[in-house]
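Read through the structure below, which is laid out as structure tokens, and then see the notes.
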Amino acid sequence: MKRERLQHNFSEWFSDILRNADIMETRYPVKGLFVWLPHGLKLRNFVFAIMRGLLEQSGHQEVLFPQLIPENIFRKEAEHIRGFEGQVYWVTHGGRDKLDVKLALRPTSETSIYPIFALWIRSHADLPIKIYQIVNIFRYETKMTKPMIRLREVTTFKEAHTAHAKSEEAEAQVREAVNIYKRFFDELGVPYVVTKRPPWDTFAGAKYSLAFDTLAPDGRTLQIGTVHNLEQNFARVYGLKYEALGGKQHYVYQTCYGVSERVIAAVIMAHGDDVGLCLPPHVAPIQVVIVPIPFKGREVPVEQVATAIKNELAAAGLRVHLDERDLRPGNKFYYWERRGVPLRLEVGPEDVKKEQVTAVRRDTGEKQAIPRGVLKTKVKQLLEGVTGDLRERAWKLFHESIKEAPDTETIKRVIQKRGGIVRAPWCGGKACGEALKEQTGWDLLGEEFDGRAPAGDCPICSKRAKVSVLIARTY
RNA sequence: GGGGUCGUGGGGUAGCUUGGUCUAUCCUGUCGGCUUUGGGAGCCGGUGACUCGAGUUCGAAUCUCGACGACCCCA
């Protein structure tokens, strides 16, 4: 359906959706903190259930670490601190007493988890360790905050941390993480590019960082996932050593990777339209809504039929809701469309007479009659269809927003004009990267990961390009 | 990092320039009633607001300062 308002007035569209679809209450009186409403929280939980499933399948174990980190431990990794110092909330008092050692509200959990890893890791047999947790983190943002996108309390931060005996194993883990995230975003129908972040944008304390970016309707990219190879940086600081077969001590190699509630913003942006939310069936809190259409004076048992249909679909494992409110049907149609329910079933006197149900897809508005006998099968089919079509449409739009550009002027102009992502040739040098950023005025996402061979020369130094670089206006 | 705009019921707004019948307008929502129901029904009745603090003044939604919050632009 139409996506005009969404593209031209994205900010407004997004905040309207949060309210109209009961996703979030945005009026909490502290900057950058927001309240998850029941419908939004269900959506969040279904989204992260997919993530849990993928992580468990690949041998990750869920843990839960404390939220407070003592200052002295937090400050051990110098580079890490430099990256986060300005954004940390500190707990300085306990009741009326000033604390001797301040406590950091975790902005991320490396410094909380790794000292404990040091206690757990004794021998090569203890490795690898692959754990994850889904927690809240705090970052003191000074920029304009935005629900789900730029927060002072990120309420939903999935972070995984691994430790390995060998460097190659850490490299392999990075690959695994990338694949997990690809499957995650694919399941949600959220399109992405993967890049290796430039040196100045690498996670504080990492050897290198990979990142997933998607595109908001206003043409800016949104980072929705990161994967870091920490090598031995943290291991050396926190003393993560194991005894190898020969009896020698070695530092471990580590990786970490994270995804936050930004992914939910990405789902909303990828599939929504001017009417409102449009949710992929896998994560929709309600997958099918039934709207009965009664007529006074007609001797037709619309309500009974609607209830029977509801029970039938619920028994088939679908999340189904029967809307029995005393409102006119049209009102209910708009109500559920705004909330993104993927499929609506109408049951009226005509349907009852013909032993059928009228089905309407949220994404296309397409309407069709389904005979009662094949209802279960057909509804599941339709939902599968919605899932596939949403994913396809989102990727199509995304691909159309990626342009090739050979020189800085074109890069600058293309992004200025329509946003999106520009792919350009790059020698890979840091100085040229910085010059590209400087001269175009836009941000370097980084070197395209697993990208195809670039055509042409680096626009800065004119040497033969080694890689493709992706450039965009970022959130 | 720098600059700008703004804050009135649950949401959207009028009023502010020139302080005073502002007992604060309209739309929407919401609650009760009647009537209705294949795309946001109608009528009647009710509900509900000047962000907070300090100041100027006989008098502040309106003027001044501050805090908090929201939004936009540039780097």
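Labels below follow one simple rule: chain letters A, B, ... track the order of the sequence lines, proteins then strands, and each chain is numbered from 1.
B:C44 and B:C26 have their P atoms separated by 14 Å, given to the nearest Å. Comparing the C1' positions of B:U62 and B:U56 gives a spacing of 14 Å, expressed to the nearest Å.
For A:R338 and B:G11, the shortest distance from a side-chain N or O to OP1 or OP2 is not below 4.0 Å. Contact annotation: A:R344 does not reach the phosphate of B:G39 (side-chain N/O to OP1 or OP2, under 4.0 Å). In terms of phosphate contacts, A:S11 brings no side-chain nitrogen or oxygen within less than 4.0 Å of OP1 or OP2 of B:C71. The phosphate of B:G11 has neither OP1 nor OP2 within less than 4.0 Å of any side-chain N or O from A:R19.
A 6.0 Å sphere centred on NZ of A:K102 holds more than 12 heavy atoms belonging to other residues, nucleotides or ligands.
A:T195 places none of its side-chain heavy atoms less than 4.5 Å from the side chain of A:L210.
Here the side chain of A:P294 is nearest to one of B:U37, B:G69, B:G39, namely B:U37. Comparing B:G1, B:G39, B:U36 by their closest approach to the side chain of A:T142 singles out B:G1. Closest to the side chain of A:Y334, out of B:G10, B:U37, B:G40, is B:G40.
A:K143 comes within contact range of at least one nucleobase, with a heavy-atom separation under 4.0 Å. When heavy atoms are screened at a 4.0 angstrom cut-off, A:R325 is found touching no nucleic acid atom at all. Residue A:D351 is in base contact, counting any heavy-atom pair closer than 4.0 Å across all strands shown. Within the nucleic acid shown, A:D326 comes within 4.0 Å of at least one base atom, counting heavy atoms only. At a threshold of 4.0 angstrom between heavy atoms, the contacts of A:S15 with the nucleic acid are absent. Within the nucleic acid shown, A:E337 comes within 4.0 Å of at least one base atom, counting heavy atoms only. Residue A:T26 is classed as having no contact, given no heavy-atom separation below 4.0 Å to the nucleic acid. Nucleic acid contact class of A:R152 (heavy atoms, under 4.0 Å, all strands): none.
Checked for salt-bridge contact, A:K310 and A:D323 miss the test: no charged N lies under 4.0 Å from a carboxylate O. Ion pairing between A:E141 and A:K143 fails under the 4.0 Å rule for side-chain N and carboxylate O.
The aromatic rings of A:F184 and A:F48 are tilted relative to each other, their planes meeting at an angle between 30° and 60°.
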Secondary structure of RNA chain B per the Watson-Crick/G-U criterion (both distances under 3.5 Å; [ ] crossing, | other strand, . unpaired) is (((((((..(((.......[.....)))((((((.......))))))...(((((..]....)))))))))))).

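In this structure, A:R5 forms no cation-pi arrangement with A:F10, as its terminal cationic atom is not both closer than 6.0 Å to the ring centre and no more than 45° off the ring axis. A cation-pi arrangement is present between A:K196 and A:Y208 under the rule of less than 6.0 angstrom and at most 45 degrees off the ring axis.
Donor-acceptor pairing under 3.5 Å, judged by distance alone, is absent between the side chain of A:R27 and the base of B:G11. For a distance-only test at 3.5 Å, the side chain of A:E346 qualifies as a donor-acceptor partner of the base of B:G38.
Listed here is the closest heavy atom pair of A:G348 and A:V302: C-CG2, 4.0 Å.
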